[in-house]
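To start, the structure under review is shown below, and the notes come after it.
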There are 2 protein chains.
Amino acid sequence: MSTIKDVAQEAGVSVATVSRVINQNGYVNEDTRKKVENAIIKLNYQPNSIARSLYKKESKTIGIIVPDITNPFFPELVRGVEDYLIRNGFTTILCNSDEDADKERLYLEVMKQKYVDGLIIVSNTINEQLVQQFDRPIVALDRSIHKNIPTFAIDNREGGRRATQHLLDIGCQKVAHIKGPDQIENSEARYKGYLDVINNNELVVSGHYDLKKTAQATIELLQHHPEIDGVFAGNDIMALGVAKAADYLNIKVPNELAIIGFDGINLSEMTSPELSTISQPIYEMSTEAARALISLIEGKVIEKIDYEFPFTLIQRQSTKR
Amino acid sequence: MSTIKDVAQEAGVSVATVSRVINQNGYVNEDTRKKVENAIIKLNYQPNSIARSLYKKESKTIGIIVPDITNPFFPELVRGVEDYLIRNGFTTILCNSDEDADKERLYLEVMKQKYVDGLIIVSNTINEQLVQQFDRPIVALDRSIHKNIPTFAIDNREGGRRATQHLLDIGCQKVAHIKGPDQIENSEARYKGYLDVINNNELVVSGHYDLKKTAQATIELLQHHPEIDGVFAGNDIMALGVAKAADYLNIKVPNELAIIGFDGINLSEMTSPELSTISQPIYEMSTEAARALISLIEGKVIEKIDYEFPFTLIQRQSTKR
DNA sequence: GTCTAATGTGTAACCCGTTACATATATCAT
DNA sequence: ATGATATATGTAACGGGTTACACATTAGAC
């Protein structure tokens with residue numbers, strides 16, 4: 001690979017002039033510019049971003065930490081982020097944390113050493129102190145991680161209310177909730193939304209955001225409470241678990257049992273029956289997060305700390321009676 | 001952030017000595033080592049990998065190019081790669097190419113400038129010339145991209161045979177195939193596998209690896225050919241499309257119509273009915289690809305060019321009569 | 001005691017861009 | 001004509017590591 005020196009030599013100018021041509025700053029005579037440009041083409045010169053990073057202390061790289069890219073919610077987030085970033089000259093380092101504080105620490109350390117310009121984090125477990133120490137911009141996606149870190153998410157509690165209300169609206173008499181893991185902000189919020197609507201008549205069981213556990217838990221729940229005719233699952237995967245339980249027990253969806261999920265991942269319309277769900281604007285949330293991160297990296301001030309996005313209820317077969 | 005100079009000063013030695021301690025090479029007296037280590041701890045020193053990269057011309061970073069992380073097959077691949085790499089001191093840059101040659105070119109260029117140490121590519125469209133010019137190790141995952149680039153995949157044709165044969169084995173009389181896009185190596189291979197078994201009795205339609213198109217195409221196919229009682233879909237997503245079509249037409253799976261997919265993505269066991277499928281060892285394939293890539297980066301010679309992995313037929317509800 | 005090899009440490013060049021600063025010429029106002 | 005300003009370009013320091021090379025000391029062999 002040729003270097004800026006080679007180009008300078010080829011064009012008969014100094015490296016400073018070449019640099020000026022490349023970065024389009026400073027004064028460069030038109031003829032000189034031409035010479036340099038020709039030299040660049042002739043040598044097929046591509047600037048070494050490592051060298052540039054070293055001096056500028058920036059890498060045009062950001063890290064995104066998600067629990068597990070294998071979980072269908074996250075690819076859609078990551079895609080939105082990556083799309084926006086590549087269009088704006090940044091590359092994206094992917095990190096799967098498994099919600100493990102040690103792995104998160106490791107990633108944070110590596111990112112710091114590699115001078116990533118900023119971080120987008122989806123995490124419940126991350127150590128706040130570590131985040132505070134990280135001296136570059138960070139934004140939180142889908143769930144908050146610290147009160148003074150910009151957060152891009154929907155109002156999960158309100159979403160929980162809407163989902164629950166929807167089940168009542170279509171005529172459900174007894175609505176149960178399959179809850180995500182305790183201690184996780186979003187699953188608690190969705191649960192609270194459910195309680196807001198159901199008041200004192202709740203029937204709740206935990207599905208731990210896991211399909212198989214949910215199916216198992218739901219089977220037991222339905223066996224003990226055959227009166228249940230509607231289920232609000234804490235996310236789409238758990239909703240699928242509920243659907244499997246229904247299938248197993250030979251309960252007809254939606255007529256004997258209506259099901260609504262949460263998130264609106266692509267998967268929710270792939271299944272039979274298609275799932276009703278509270279659909280988050282996943283792609284938009286993630287591009288907005290990326291946009292804000294870049295603003296912060298560029299030293300701009302951003303408007304708010306809390307970016308709340310609208311969700312929509314999508315009614316599909318699983319609640320269409 | 002403190003630099004190696006700060007550490008040197010703190011420890012009362014030269015930067016060379018600090019470097020030796022950090023990299024554990026060259027001679028360092030035990031006492032000196034202790035002093036340096038203490039200084040490192042005291043200053044919370046973390047070496048700047050950019051500076052190191054500049055000199056060593058390596059970045060401890062690799063790029064993985066996939067068509068679209070949003071397609072459920074790829075997160076599993078990417079996860080395997082990322083897991084293996086982070087454990088071995090590498091970070092992973094994610095690239096979504098959308099099978100677009102221009103985007104691939106852009107990514108290749110950026111990766112080169114950023115001195116990524118190697119590339120893992122999943123692509124049908126990538127420009128062979130560009131790949132050849134890229135002067136660092138590359139491996140191909142899931143599908144080949146060039147005859148002298150190491151490839152990690154299964155025998156798709158044989159997989160197609162097994163899938164088709166399975167449908168016959170369970171008693172299907174008329175087996176159709178929903179084919180992936182033309183020109184794509186893997187979908188052609190699976191198709192050929194189907195033909196191998198079916199000979200002269202084929203019934204094929206294209207689903208373009210897309211769920212909705214597949215559902216639509218399948219509905220038409222089944223309406224014209226009600227005698228079809230088994231479908232081999234070119235991947236799991238298309239198999240889901242077939243299942244939807246069956247649902248729409250009120251055809252019972254598996255008894256009136258057996259369905260088998262291909263890939264064995266997690267999704268295939270999430271649905272009702274659960275999908276039979278030709279399961280690829282996705283995680284293993286990807287970690288092996290990552291392992292080989294690292295070997296190449298380290299300048300080792302690897303054993304072969306063609307890494308063929310075993311697949312397994314998983315029989316689930318959709319073909320369990 | 002002398003020679004060689006192993007051990008220990010520092011100096012400075014190097015990786016490849018960016019940019020502050022110096023210098024020089026051209027342009028313009030007065 | 002004179003000084004101020006805009007234009008044009010080069011030199012060299014800098015970012016933060018790594019390492020070749022030089023030099024000094026110590027250990028071991030005979």
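Reminder, nothing fancy here: chain letters follow the sequence lines and each chain counts from 1. Any value given below was found using the heavy atoms of this structure, including those in side chains, with hydrogens, waters and symmetry copies removed.
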Listed pairs, N/O of protein and of nucleotides 24-26 of chain C, under 3.5 Å:
none

Report the nucleotide, chosen from [options], that has the shortest atom-to-atom distance to any side-chain atom of [X].
X       : options                : result
B/Arg20 : D/dG17, C/dC16, D/dC21 : D/dC21
A/Lys57 : C/dT11, D/dG15, D/dT11 : D/dG15
A/Asn23 : D/dG17, C/dT18, D/dG16 : C/dT18

Does a donor on one side chain sit under 3.5 Å from an acceptor on the other, for [X] and [Y]?
X        : Y        : value
A/Lys60  : A/Ser53  : no
B/Glu104 : B/Ser123 : yes
A/Tyr209 : A/Asn71  : no

OP1 or OP2 of [N] less than 4.0 angstrom from a side-chain nitrogen or oxygen of [X], does that happen here?
X       : N      : value
B/Thr3  : D/dG16 : no
A/Thr17 : D/dT9  : no
B/Asn48 : D/dG15 : no

Partners passing ring-ring contact (aromatic ring centres under 6.0 Å, His included) against B/Phe74 (at least two apart in sequence or in another chain):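 Expected list: none.
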Under the 6.0 Å and 45° cation-pi test, does B/Lys304 pair with B/Tyr307? yes
How bent is the helix from C/dG1-D/dC30 to C/dT30-D/dA1, measuring the angle between the end axes built from five pairs each, rounded to 10°?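 Answer for the end axes of this duplex: 30°.
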With heavy atoms under 4.0 Å as the rule, sort A/Val13 into base, sugar-phosphate or nothing. sugar-phosphate
Give B/Ser19 one of three labels, base, sugar-phosphate or nothing, depending on what nucleic acid heavy atoms sit under 4.0 Å from its own.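 Base, at least one base atom sits under 4.0 Å.
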List, one per line, each side-chain donor-acceptor pair under 3.5 Å for residues 21-33 of chain A, sequence neighbours excluded.
from, atom 1, to, atom 2, distance (Å)
A/Asn23, OD1, A/Arg52, NH2, 3.3
A/Asn23, ND2, A/Ser19, O, 2.9
A/Asn23, ND2, A/Ser19, OG, 3.2

Run the side-chain donor-acceptor check on residues 292-303 of chain B: report pairs under 3.5 Å with partners two or more places apart or on a different chain.
from, atom 1, to, atom 2, distance (Å)
B/Ser295, OG, B/Arg291, O, 3.3
B/Glu298, OE1, B/Lys300, NZ, 3.0

Within the distance-only criterion (no hydrogens, no angle test), does the side chain of A/Glu188 pair as donor or acceptor with the backbone N or O of A/Gln183 below 3.5 angstrom?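 Checking the backbone N and O of A/Gln183 against the side chain of A/Glu188, a donor-acceptor pair under 3.5 Å is found.
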Can you list, in residue-number order, the parts of residues 25-46 of chain A that come under 4.0 Å of DNA chain D, counting heavy atoms only?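 Listed by number, they are A/Tyr27, A/Val28, A/Asn29, A/Thr32.
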Could you tell me whether B/Asp98 and A/Arg79 have a side-chain N and a carboxylate O separated by less than 4.0 Å?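 Yes, charged N to carboxylate O under 4.0 Å.
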B/Phe134 vs B/Met111, side chain to side chain contact (heavy atoms under 4.5 Å, CB included): CA-CA, chis, key distance, verdict: CA-CA 9 Å; B/Phe134 197 87; B/Met111 299 290 125; 4.2 Å; yes
If you count the non-hydrogen atoms of other residues, nucleotides and ligands that lie under 6.0 Å from CD in A/Glu58, is the total more than 12? yes
